[in-house]
Participant: 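One structure is given below, represented as structure tokens, and several questions about it will come after.
No hydrogens, no waters, no symmetry mates; every other heavy atom, side chains included, goes into these values.
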Amino acid sequence: MLEAGAEVLETDTFQASRIKLDEWGLADYTVEINTKAAEIARKAAGESRFVAGSIGPTGYLPASRIPRSGRSASGSSSRCSRSRPRD
């Protein structure tokens, strides 16, 4: 990537938010994990390139503590389902 001329390097922190890390019992390490990832990316990028932090989805709607997991506000699943034809 760097040899190809990249000007921005992204941290390996997708889904490293406190909410997602808590699912693995790692919420107390959120700052440490993200700081270390940024340090590693900065070292790899050098001083002449940018480092961008990666933030993934939490599974929660904004201002909500209830995960929707692919469900609409009405509670119906937003995923397509296929059924086999009946015999």
Participant: Write out all pairs satisfying side chain to side chain donor-acceptor pair (under 3.5 Å) with one or both partners inside residues 28-37, taking only residues at least two apart or from two chains.
Facilitator: none

Participant: Share the residues that join Val51 in a hydrophobic cluster, the rule being Ile, Leu, Val, Met, Phe, Trp or Tyr side chains under 4.5 Å apart at the heavy-atom level.
Facilitator: none

Participant: Determine all donor-acceptor pairs shorter than 3.5 Å in which one atom belongs to a side chain in residues 16-24; sequence neighbours excluded.
Facilitator:
residue, atom, partner, partner atom, Å
Ser17, OG, Lys20, N, 3.3
Arg18, NH1, Ala27, O, 2.7
Lys20, NZ, Glu23, OE1, 3.4
Lys20, NZ, Glu23, OE2, 3.1

Participant: Write out all pairs satisfying salt bridge (Lys or Arg N to Asp or Glu O under 4.0 Å) with one or both partners inside residues 41-57, taking only residues at least two apart or from two chains.
Facilitator: none

Participant: Are any non-hydrogen side-chain atoms of Glu7 and Ser48 less than 4.5 angstrom apart?
Facilitator: no

Participant: Name all residues meeting the side chain to side chain contact (heavy atoms under 4.5 Å, CB included) criterion together with Phe50; count only those two or more places apart in sequence or in a different chain, and write none if there are none.
Facilitator: Val8

Participant: Could you check whether atom CG of Leu26 has more than 12 heavy atoms from other residues, nucleotides or ligands sitting under 6.0 Å from it?
Facilitator: yes

Participant: Sequence neighbours left out, what passes side chain to side chain contact (heavy atoms under 4.5 Å, CB included) with Ser54? Give chain and number order.
Facilitator: Glu10, Thr11, Thr13, Phe14

